[in-house]
Enquirer: 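Handing you this structure, nothing more for now.
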Amino acid sequence: MLMKKGAEANLYLEPFARVLHRAGEGKVVVKHRIAKRYRILEIDKQLRESRTTLESKLFADAKRAGVPTPLVYEVDRAGMRIVMEFIDGRQVKLVLDKLRPKARRKLCELIGRQVARLHRAGIVHGDLTTSNMILTREGKVYFVDFGLGEYNPSLEARGVDLHLLRRALQSIHFRVTDEAYRAILSGYKREFGGGANEVIERVEEIERRGRYVPKEERTWR
Amino acid sequence: MLCLGIEGTAHTFGVGIVDSRGKVLANALKTYVPAKGGIHPREAAQFHAANARVVLDEALKVASVSIEDIDFLAFSAGPGLGPCLRTAATAARALASWLDVPIISVNHCIAHVEIGRLTERAKDPVTLYVSGGNTQVIAFDAGRYRVFGETLDIPVGNCLDVFGREVGLPYPGGPTVERLAREGKRYIPLPYVVKGMDLSFSGLMTDAVRKHRAGADLHDLCYSLQETAFAALVEVTERAVAHTEKKEVMLTGGVAANQRLREMLKLMANEHKAKFFVPPREYCQDCGAMIAWTGILAYKHGVGQKLRETGVKQRWRTDQVDIPWRTG
């Protein structure tokens, strides 16, 4: 069953027994990166192949770093498919604005801590938006999409990662952007430890570098 | 009700006259072409100052109206090059105070979207705005135009132009790159950079120039440069379409003239069962009519500035402007 038609891939929700092994139970998610006719074959194939392989590795390494991610059951590089665990919960995108301020702060701090864990493990997510995060009933936040992630321990990559998260808040959660971002940074600093301020300074530098940054842009330290 | 709009954010000085029903009575402009290199902001501003009167007279003549018939002024207050913005703003302030009519500051990027909505009768598009000075994916949500993607460094038009200049093509490089790309066959891998919702073109440009110096075929390079840059643009636009679930896609700005980009964006729009629009060329490029029309929309909804509040904003963000003329 088609669960979501994303920009990059189609997500299907299927019975474990049908996709993997008849003895299995429950459901799995099949992420299929479909061909895009608008781009030439060379670019299309290269992007889909590399993102499929890299994403499955990132899922595993993120989990090892203490960030909840779906278990990867199968990687089909030729078919550009990843079969993974189904995470039952609600998209953070849909709940963030509705939470009470205190609950929102807690959730954002947790997100910030998880981003810090990724960064410490040498991973940048590349697409930190609230639609890629699933909040489960137990209060865990799963990062479910590493399609634009990479192994990159540089200050610049980490800075861009946080900057993108702020940009996502600005475009989707414009009513609560500032308080949410503040809480994310507070969680990030606590988990990352020494050097967190350097990353945050870099975010500010990246934002000043941008084309559309007003002079009065505030700092976040 | 007539609005006279003045555009002067970069290389174009334009004067448009539009009535309150959206009829464009005049859309005169002159464009500064640098003798060599790219736009020199001061020289462009001097060009605007020298040509302001000529363009104004032409607009009034084409519209067959007298300057006293103008009910209010609108001008592009940003984003753009400081000296150019200040020249256009000075012209607008002088006219407004002499005529003793209201004056309105218009955001240049929003004006591009609004003139496209007018000419194409688009209701609520996801807009890819690509030019030598700007690269943004814009969509309306909750009272403002939100930016769903933008360049982190140089605009895509600048990437094509600078590449053209570095490899010895005439100014502006974009159209020549497009022509040469048609004869390109072999894809040369170049850095494809999408960072979340945002884009980056500076590394792509540098690498393409480097590969040219290393002896790569120019046709193949132009082809590869376009394919790489445009694939990234379409991917980011597609993400905005998937996220907002809007059923219209619009392409505007100077780079909208590129046929290959149009084709790619149209394919993407079709896949999402969205309508696809490209405004006529004279309304894709910078022009006074888009400023005048956006001025009308704002004026009708009570927006207006005192003369002393008409300072220019070089880095005025699209999502900093309240849009009272749209709901939702």
Side-chain angles (χ1 to χ4, degrees), chain A residues 4-10 34-47 50-51 93 97 124-132 145 147-150 156-157 159-168 170-175 177 206-217, chain B residues 78-79 109 133-136 139 141-144 146-155 186-190 192 194-198 200 223-224 227-228 230-232 234-244 263-272 313-320:
Chain A
K4 191 181 162 229
K5 194 169 162 55
E8 210 214 348
N10 290 346
I34 48 173
K36 297 288 176 185
R37 283 174 47 224
Y38 64 76
R39 56 193 177 202
I40 56 173
L41 216 65
E42 294 93 323
I43 293 179
D44 188 64
K45 189 159 175 284
Q46 203 277 328
L47 286 180
S50 62
R51 286 177 182 174
K93 173 179 136 184
D97 286 27
V124 291
H125 185 281
D127 190 17
L128 285 169
T129 76
T130 49
S131 40
N132 292 335
D145 184 348
L148 293 177
E150 58 174 329
E156 175 73 13
V160 169
D161 223 19
L162 280 178
H163 165 65
L164 291 174
L165 180 51
R166 187 159 101 85
R167 289 267 302 107
Q170 277 174 339
S171 60
I172 303 159
H173 304 286
F174 38 83
R175 289 180 190 88
T177 301
I206 289 163
E207 292 177 355
R208 280 195 301 274
R209 238 190 266 153
R211 290 193 76 70
Y212 309 101
V213 187
K215 280 223 178 69
E216 66 271 20
E217 190 78 320
Chain B
C109 304
N134 294 285
T135 294
Q136 292 186 349
D141 186 17
R144 288 198 178 178
R146 311 282 165 185
V147 178
F148 282 86
E150 65 192 342
T151 177
L152 292 168
D153 41 58
I154 59 173
R186 200 173 62 86
Y187 177 70
I188 302 165
L190 293 171
Y192 177 97
V194 169
K195 298 185 178 185
M197 315 194 294
D198 291 337
S200 155
Y223 166 72
S224 309
E227 290 300 329
T228 309
F230 294 172
V234 179
E235 176 170 11
V236 169
T237 312
E238 182 173 29
R239 294 162 79 83
V241 172
H243 178 82
T244 61
E263 176 187 46
M264 290 167 76
L265 211 56
K266 188 166 191 224
L267 280 168
M268 184 277 285
N270 288 346
E271 269 178 41
H272 289 265
K313 300 168 217 178
Q314 290 183 56
R315 295 178 159 217
W316 197 8
R317 284 192 64 85
T318 304
D319 53 14
Q320 283 177 321

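Order of the sequence lines fixes the chain letters, A, B, ..., with proteins taken first and strands second; residue numbering starts at 1 for each chain.
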Enquirer: I would like to know whether Tyr38(A) and Glu238(B) meet side-chain contact (heavy atoms from CB on, under 4.5 Å); could you show each step before the answer?
Expert: CA-CA 11 Å; Tyr38(A) 64 76; Glu238(B) 182 173 29; 3.6 Å; yes
Enquirer: Looking only at heavy atoms and a cut-off of under 4.5 Å, which of Asp319(B), Leu267(B), Val241(B) has the most pairs with chain A?
Expert: Leu267(B)
Enquirer: Would you please name every residue forming a ring-ring contact (aromatic ring centres under 6.0 Å, His included) with Phe148(B), sequence neighbours left out?
Expert: His243(B)
Enquirer: Show your reasoning for whether salt bridge (charged side-chain N to carboxylate O under 4.0 Å, His left out) applies to Arg167(A) and Glu150(B).
Expert: CA-CA 10 Å; Arg167(A) 289 267 302 107; Glu150(B) 65 192 342; 3.2 Å; yes
Enquirer: Relative to chain A, which segment of Glu263(B) carries a heavy atom at a distance below 4.5 Å: side chain, backbone, both, or neither?
Expert: neither
Enquirer: Using side-chain heavy atoms (C-beta onward) and a distance below 4.5 Å, is Arg239(B) in contact with Asp127(A)?
Expert: yes
Enquirer: Is chain A contacted by the side chain of Thr228(B), its backbone, both, or neither, given a heavy-atom distance below 4.5 Å?
Expert: both
Enquirer: Quick one: does Arg37(A)'s side chain get under 4.5 Å of Met264(B)'s, heavy atoms only?
Expert: no
Enquirer: Using the test ring-ring contact (aromatic ring centres under 6.0 Å, His included), find all partners of His125(A) that sit at least two apart in sequence or belong to another chain.
Expert: Phe143(A), Phe146(A)
Enquirer: Sort Ile172(A) into side chain, backbone, both or neither according to what part of it lies under 4.5 angstrom from a heavy atom of chain B.
Expert: side chain
Enquirer: Kindly confirm or rule out a cation-pi arrangement of Arg144(B) over Phe174(A), judged by NZ or CZ under 6.0 Å from the six-membered ring centre and within 45° of its axis?
Expert: no
Enquirer: Only pairs of heavy atoms separated by less than 4.5 Å count here; which of Glu42(A), Lys4(A), His163(A), Arg39(A) has the most with chain B?
Expert: Glu42(A)
Enquirer: Measure Glu150(A) against the heavy atoms of chain B and call it side chain, backbone, both or neither at under 4.5 Å.
Expert: neither
Enquirer: Is it the backbone or the side chain of Tyr187(B) that comes under 4.5 Å from a heavy atom of chain A, or both, or neither?
Expert: both
